[in-house]
Each structure stands twice: as C-alpha cells, then as structure tokens.
Amino acid sequence: ESALLKSKFRGCLLGSVIGDCTGAPYEGDTITSGDKIVIQRYFDKLEDAEFKAPYKQYTDDTAMTKSIVKFLTDKPEPDYKFLARLFVNEYVKEPKRGYGAAIGEVFKKLKATRFEDVFKPATEQFHGKGSYGNGGAMRVAPIALYFHDNYDAMLEVATKATKLTHTNTFAIHGALLQCIAVQQALLADPKKKLDPEEFVALLHEKMKKIENANIDREMDISPEDRAYQDKLKIVEDFIGKNYEDLDEEVIFQLGNGISAYESVPTAIHCFLRAQNDIARIETDNQFRRTIQYAISLGGDTDTIASMAGAICGAYLGEEGINPELLRHCEFTKEMSEMADNLLSARGEFSK
Ligand code: F2R
Ligand code: MG
Ligand code: MG
Ligand code: MG
C-alpha cells in the first residue's frame with residue numbers, strides 16, 4: 001500500500017538525519033552514567049515545543065545520503081560518475097561537515113583526474129587496502145528504499161556506490177548489511193511486534209551468502225571470512241538481555257567505532273534492543289529510544305544513531321517520529337521532500 005510506503009520512506013530518511021544531527025555533538029565521546037542523564041535531558045528538550053534554540057546541524061552522514069538520493073532520482077539508470085560528482089560538489093561546497101580524515105584524498109583525486117576513472121582513487125586509500133570506515137554504510141539507506149523489491153540490484157548498486165570511496169571488504173560488506181537491515185525493516189509490518197530473533201536470523205542467512213560468495217574476487221579476502229556472520233551471532237546473543245552493565249559489554253563486543261565492522265552490527269543491535277524498554281532511557285517513543293540509546297554508547301554517535309535511526313524509521317514510518325524532534329534538526333523538511341521524490345522516481349523510471 002502506497003501511503004504506508006510513503007510514510008516508511010520518509011521515516012527512514014528522516015530517522016537517518018535526526019540520528020546524525022542529534023548524535024553529532026557527542027561524536028568521539030566516552031559516555032559516563034552522568035552523561036546519560038545529560039543525554040536524557042537533551043532529548044527531553046529536543047521534544048519540547050517551547051524549546052527555542054538553533055537546530056542541530058547535520059554532518060557528512062547526511063551530506064552523502066543526500067547525494068545518494070539525487071543519484072537515484074535524477075537519472076533513470078545508476079550513473080556512478082554522476083554520483084562521484086555529487087559527492088565532490090557537496091564536499092567542495094561544505095568541507096567542514098565532519099568528513100572522515102582520509103576521504104578528502106579520494107575527492108581531491110576524483111577532481112584532479114576529471115572523474116576519468118571514478119573507481120580508481122578509492123582503491124589507492126590506505127596503501128591499497130582501501131578504507132574500512134563506515135562511510136559507505138552511513139549513506140546507503142536510500143538504495144535500500146529504492147531497490148527494496150529488487151534484492152540483486154540493491155546489492156549491486158550498494159556495492160558500487162560504496163566502492164567510489166571504500167574498497168575494503170569490511171566497508172563493503174558493512175554497507176550491504178546496513179542496506180539489508182533497512183530493507184527488512186521497510187518490509188516489516190509496523191503494527192505487528194517485531195521478532196528480533198527472526199530479524200537477525202534473516203540477516204545472518206543473507207550475510208552468509210555474501211561472505212561466502214566472496215562477491216568481489218579482485219579483493220584480497222578469503223572465502224572463509226565470516227566476520228559479519230560472527231558479529232550477528234553476538235547481536236543475537238544480546239537479544240532479550242537488559243541488565244545493568246549491558247552497555248559496556250555491547251561496546252566491548254560489538255564496538256562503537258568509526259569502522260563499519262565496529263558500528264553497523266551495533267546500530268542493528270540498537271534498533272533491536274529498543275523494541276523494549278531500556279534501563280535509564282525514559283521515553284515511550286521507540287524511535288527516540290533507539291537513537292538515544294545509540295548515542296549513549298558513545299564513540300561514533302552520529303553515525304551509529306543515524307544508521308539505527310534509518311532502520312527504525314523504515315520500520316515505524318514517519319508517524320513514529322516526534323514532530324518536535326524533527327523541528328529541532330537541520331534539513332528535515334528538505335529530506336522529507338527528497339523521500340517523496342525517491343518514491344515517485346521508482347514509478348517514473350519503471351514506466
Ligand atoms: N570523521 C568523523 N569524525 C571525526 C571528526 C569529526 C569532526 N571533524 C569533529 O572533530 O567534530 N566522522 C565521519 O567519519 C566517519 C565516516 O568516515 P569515512 O567516510 O569512512 O572516512 P574514511 O576517512 O575513509 O575512514 C574513516 C577513518 O577510519 C580509519 N581507517 C579507515 N580505513 C582504514 C584502513 N584501511 N587502515 C587504517 N585506518 C583506516 C581512518 O582513521 C580513517 O580516517 C563517520 O563517523 C562520519 O560521521
Ligand atoms: Mg558524521
Ligand atoms: Mg559493531
Ligand atoms: Mg560519525
């Protein structure tokens with residue numbers, strides 16, 4: 001039904017922006033139990049209609065997500081040269097949006113070579129190993145939305161869109177995992193209680209195929225690489241647990257870092273854990289609980305909250321998001337329109 005899909009497209013992209021905007025002030029921080037009280041009040045204020053303050057600003061996560069939406073809406077077929085140009089234009093316009101420390105090098109080379117071979121500069125990152133950062137995963141949500149009914153195309157486009165900047169297997173597979181998580185959330189009925197075990201089992205099955213297939217044979221990965229499958233087993237182990245020191249264990253076992261490996265499974269965990277109440281996070285709103293919890297883990301807060309927010313928003317739809325929270329974040333109005341454009345582009349190009 002198209003009204004539901006419209007709401008879910010909006011919910012996903014708005015969830016991504018809000019996670020980014022609200023998480024950004026805490027990026028890189030270690031969060032103490034005292035800080036968690038501060039974060040509780042921070043969200044109380046952001047939900048308060050009386051609260052008048054400049055809105056929270058978005059970072060590279062949203063800047064690059066915007067470009068992915070345009071890439072999907074402005075051309076009938078995926079055009080990676082076009083996407084590379086969009087990334088670079090956005091970066092040149094506003095380089096101080098908190099980009100990854102090394103990605104500027106890719107943009108510089110893309111520009112200097114006049115976008116001749118758009119996939120080459122990324123391969124040269126980190127002495128040829130490629131970036132394993134979460135930059136591919138943090139911007140992948142629009143691809144999951146657009147291709148939600150075409151799984152193979154979804155994986156192919158997500159892989160290539162990631163490889164413009166990230167060629168390390170961990171970054172690519174992390175982006176695919178985030179993409180699949182968003183797709184599964186989109187296809188789930190928000191009126192039914194989500195089954196976390198089933199959600200993870202499905203992810204595990206798909207990542208097994210991806211990791212076993214060694215989808216890119218040019219990359220130096222061994223076929224027995226089970227990195228994300230193993231991480232998903234840990235995500236599964238955490239389901240239903242809710243004790244006092246769980247947060248520390250999550251940070252230790254899943255991570256909260258800037259690499260895809262230490263952040264994508266964590267974001268999925270945040271989405272799943274927030275299906276139920278979480279100790280010391282006082283809210284009845286599942287979307288808020290998801291991103292507040294993600295931020296309370298510290299580390300790469302904007303990105304983990306953004307990825308968790310995209311998954312949760314794709315599940316709940318925009319009705320799940322408090323309008324006051326929306327109002328207090330930059331670019332939410334614009335992103336809502338972009339979500340609508342993304343949905344109508346599917347119809348436009350399939351005629
Ligand atoms: N960059 C940040 N946050 C830190 C600074 C924020 C701001 N300037 C402030 O201080 O307020 N956040 C953003 O970066 C992450 C996404 O990064 P992306 O796009 O993956 O970039 P990059 O540079 O490719 O990778 C990130 C870093 O990871 C390490 N790394 C990656 N691959 C590596 C490899 N093969 N070997 C060694 N190290 C590798 C490097 O330190 C990279 O710089 C998001 O969090 C976004 O919010
Ligand atoms: Mg960022
Ligand atoms: Mg992790
Ligand atoms: Mg970040």
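Worth saying up front: this structure is predicted, and the values here are computed from it rather than measured. Indexing begins at 1, ligand by ligand and atom by atom, following the structure's order.
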Checklist entry - Between the candidates Gly98, Ser131, Ala63, Gly130, which shows the shortest non-hydrogen contact distance to atom 35 (N) of ligand 1? => result Gly130
Item to check | Shortest protein contact, atom 6 (C) of ligand 1 (heavy atom only) | outcome: Glu27 OE1, 3.5 Å
Checklist entry - Does a side chain donor of either Asn134 or Ser263 reach within less than 3.5 Å of an acceptor in the other side chain? => result yes
Checklist entry - Going by distance alone, is a donor N or O of one side chain under 3.5 Å from an acceptor N or O of the other, for Ser16 and Ser306? => result yes
Item to check | Donor on one side chain, acceptor on other, Arg273 and Asn242, under 3.5 Å | outcome: yes
Next on the checklist: If we count only N and O atoms by modelled type, under 3.5 Å, do the side chains of Gln275 and Lys193 hold a donor and an acceptor together?
Outcome noted: no
Checklist entry - Can you find a side-chain donor-acceptor pair between Glu319 and Ser7 that sits under 3.5 Å? => result yes
Checklist entry - Considering only the protein, which heavy-atom contact is closest to atom 27 (C) of ligand 1, and what is its distance? => result Ile258 CG2, 4.0 Å
Next on the checklist: Test your reading of the structure: does Asn168 have an N or O sitting under 3.5 Å from an N or O of ligand 1?
Outcome noted: no
Checklist outcome for this item: Which of Lys233, Met207, His204 passes side chain to side chain contact (heavy atoms under 4.5 Å, CB included) with Tyr228? It is Met207
Item to check | Donor-acceptor contact below 3.5 Å, side chain His173 vs main chain Phe170 | outcome: no
Checklist entry - If you measure only the distance, is there a donor-acceptor pair under 3.5 Å linking the side chains of Glu116 and Thr113? => result no
Next on the checklist: Strictly below 4.0 Å, N to O, side chains only: are Lys70 and Asp74 in salt-bridge contact?
Outcome noted: no
Checklist entry - Who's the nearest protein heavy-atom neighbour of atom 13 (C) of ligand 1, and how far? => result Asp60 OD2, 3.0 Å
Item to check | Pair Thr303-Asp300, side-chain donor/acceptor within less than 3.5 Å | outcome: yes
Checklist entry - Considering only protein heavy atoms, which is closest to atom 34 (C) of ligand 1, and at what distance to one decimal place? => result Tyr132 CE2, 3.2 Å
Next on the checklist: Looking only at side-chain N and O atoms, does Tyr80 offer a donor or acceptor that is under 3.5 Å from a partner on Lys163?
Outcome noted: no
Next on the checklist: Just to confirm my output: which protein heavy-atom neighbour is closest to atom 42 (C) of ligand 1, and how far is it?
Outcome noted: Phe126 CZ, 3.7 Å
Next on the checklist: Under 4.0 Å from a heavy atom of Asp61: which atoms of ligand 1 are those, numbered in the order shown and with their elements?
Outcome noted: 46 (C), 47 (O)
Checklist entry - Does atom 9 (C) of ligand 1 have a protein heavy-atom neighbour under 4.0 Å away? => result no
Checklist entry - Counting from 1, what ligand 1 atoms have a heavy atom of Ile103 closer than 4.0 Å? => result 19 (O), 23 (O)
Item to check | Shortest heavy-atom approach to atom 18 (P) of ligand 1 - which of Gln125, His166, Arg139, Met138 | outcome: His166
Checklist entry - Of all the non-hydrogen atoms in the protein, which one sits nearest to atom 23 (O) of ligand 1, and at what distance? => result Ala102 N, 2.9 Å
Checklist outcome for this item: Under 4.0 Å from one or more heavy atoms of Asp302, ligand 1 contributes atoms 47 (O)
Checklist entry - For atom 16 (C) of ligand 1, what's the nearest protein heavy atom and its distance? => result Asn134 OD1, 3.2 Å
Next on the checklist: Tell me whether atom 47 (O) of ligand 1 lies less than 4.0 Å from at least one protein heavy-atom position.
Outcome noted: yes
Checklist entry - How many protein N, O or S atoms sit closer than 2.8 Å to the Mg ion (ligand 2)? => result 4
Next on the checklist: Using a 4.0 Å cutoff against the non-hydrogen atoms of Tyr99, which atoms of ligand 1 qualify?
Outcome noted: 1 (N)
Next on the checklist: Considering non-hydrogen atoms of the protein only, which is the closest contact for atom 21 (O) of ligand 1, and what is the distance?
Outcome noted: Gly100 CA, 3.4 Å
Item to check | Result of checking Thr59, Asp20, Thr301 against Glu27 for side chain to side chain contact (heavy atoms under 4.5 Å, CB included) | outcome: Thr301
Checklist entry - What heavy-atom pair brings Ile172 and His166 nearest, and what distance separates the two atoms? => result CG1-O, 3.7 Å
Checklist entry - If we only count N/O pairs under 3.5 Å, is Thr303 in contact with ligand 1? => result yes
Checklist entry - Can a donor-acceptor pair be found between the side chains of Gln183 and Tyr151 at a distance below 3.5 Å? => result no
Next on the checklist: Parallel, tilted or perpendicular, judged at 30° and 60°: which one describes the rings of Tyr91 and Phe107?
Outcome noted: tilted
